[in-house]
Amino acid sequence: MKIAAIQMVSGPDVAANLARARHWLVEAAAQGAQLAALPEYFCLMGLQDRDKLAVAETEGDPSAPIQRALREAAAELGLWLVGGTLPLRTSDPERVRNASCVYAPGGRLAARYDKIHLFRYDNGREAYDEGRVLEAGVTPVTLQADVLHVGLSVCYDLRFPELYRAMSFQPGRPPCDLFCVPSAFTYTTGQAHWELLLRARAVENQAYIVAPAQGGRHENGRRTWGHTMIVDPWGEVLGCLPEGEGLVLAELDTARLAAVRSQLPALQHRRL
């Protein structure tokens with residue numbers, strides 16, 4: 001299966017962001033991708049954290065513009081579409097879930113994962129606290145996408161290997177073949193840890209990683225690290241886009257997965 005990771009530099013205009021996402025999804029499909037993934041906050045990088053509340057949608061609302069755009073793109077382009085993240089309403093009007101919705105090629109919502117680990121960082125010069133407007137998810141989510149067992153995660157989740165281990169060792173299910181990590185890493189933390197963490201999660205779980213990212217200077221002044229990547233189960237980087245909008249494409253080879261797992265049968269060990 002050919003997979004595509006899309007890098008964006010999203011801003012505060014939802015309609016403009018949806019148009020850019022559609023452009024790159026069309027390009028991914030034209031280049032033969034069967035699965036495409038958008039970055040975290042692809043639909044909105046607001047001027048302030050609370051901007052998410054104003055554009056939040058209710059899951060399944062047929063008139064909701066962000067979900068409609070994702071559903072229609074998946075159906076019209078025949079893609080498995082990992083829709084980055086979008087804000088979905090909760091029972092608390094002051095909180096939203098940062099949700100990653102996956103659509104099957106017919107446009108059906110196949111899975112929804114709500115980001116479990118909320119980013120907080122303060123080095124004295126820059127500070128972030130997603131908990132101010134986000135409500136944390138609680139449940140790991142995997143799905144079957146054709147022949148692939150896919151695990152879902154978002155950005156800061158990447159620092160928590162136990163989440164990926166839990167998805168790889170579900171009772172009665174095979175290990176994940178692919179992990180999706182839509183992200184908006186800061187420039188500071190991305191420069192230090194992004195590639196290191198992606199390759200570690202791939203090697204630990206002997207799985208492919210598709211990591212679409214925000215990559216550039218945003219209208220709100222924030223700079224994201226970018227370096228959208230696809231990594232193979234041996235930790236080899238198959239493609240990387242340092243900064244700016246664009247695509248990374250690679251072939252996900254199930255024979256490669258099988259060979260790595262056969263040669264180094266780490267996944268056969270029991271968890272402690």
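Positions are given from 1 along the sequence. Computed from a predicted model, the values in this text were never measured in an experiment.
In this structure a side-chain-to-backbone donor-acceptor pair under 3.5 Å is present from Y113 to I116. Within the 3.5 Å criterion, the main-chain N or O of H117 finds a donor-acceptor partner in the side chain of D157. Using a distance-only test at 3.5 Å, with no hydrogens or angles considered, a donor-acceptor pair links the side chain of R165 to the main chain of E204.
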Run the salt bridge (Lys or Arg N to Asp or Glu O under 4.0 Å) check on R120 and D122 step by step: do they pass?
CA-CA 7 Å; R120 187 170 61 191; D122 187 346; over 6 Å; no

Apply the test ring-ring contact (aromatic ring centres under 6.0 Å, His included) to residues F179 and Y164: give CA-CA distance (whole Å), side-chain angles for both, the deciding distance (0.1 Å), then the verdict.
CA-CA 8 Å; F179 289 107; Y164 297 85; 5.1 Å; yes

Checking V14 against I66 for the side chain to side chain contact (heavy atoms under 4.5 Å, CB included) test, could you report, in this order, the C-alpha distance in whole Å, the side-chain angles of both residues, the deciding distance, and whether it holds?
CA-CA 8 Å; V14 172; I66 302 169; 4.0 Å; yes

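Side-chain contact, T142 with Q170: a donor N or O sits under 3.5 Å from an acceptor N or O. For D61 and S63, the side-chain atoms include at least one donor-acceptor pair closer than 3.5 Å. Side-chain atoms of E130 and N98 form no donor-acceptor pair, as typed in the model, at a separation below 3.5 Å. The closest side-chain donor-acceptor pair between Q191 and W225, if any, does not fall under 3.5 angstrom. Side-chain atoms of Q7 and T228 include a donor-acceptor pair closer than 3.5 Å. When only modelled atom types and interatomic distance are considered, T58 and R89 share a side-chain donor-acceptor pair under 3.5 Å. No hydrogens or angles considered: a donor-acceptor pair under 3.5 Å links the side chains of T188 and E126. No side-chain donor from either of H149 and D177 sits under 3.5 Å from a side-chain acceptor of the other.
Taking the six-membered ring where tryptophan is involved, the planes of Y121 and Y128 are essentially parallel, since the angle between them stays under 30° and well short of 60°.
Within the model, atoms CG of L44 and OG of S10 stand 8.0 Å from one another, a figure rounded to the nearest 0.5 Å. For the atom pair OG1 of T85 and NZ of K115, the computed distance is 7.5 Å after rounding to the nearest 0.5 Å. Atom CG of L143 is separated from atom CZ of R112 by 15.0 Å, given to the nearest 0.5 angstrom.
Considering all non-hydrogen atoms of both residues, S153 and C180 come closest at OG-O, 2.8 Å.
Screening F160, Y156, Y41 for a ring pair (Phe, Tyr, Trp, His ring centres under 6.0 Å) with F119, the sole residue that qualifies is Y156.
Looking at Q67 and Y103, their side chains come closer than 4.5 Å, going by heavy atoms from C-beta outward. In this structure, P140 and L163 have side chains that are in contact, with non-hydrogen atoms separated by less than 4.5 Å.
Geometrically, R223 engages Y187 in a cation-pi contact defined by less than 6.0 Å to the ring centre and at most 45° from the axis.
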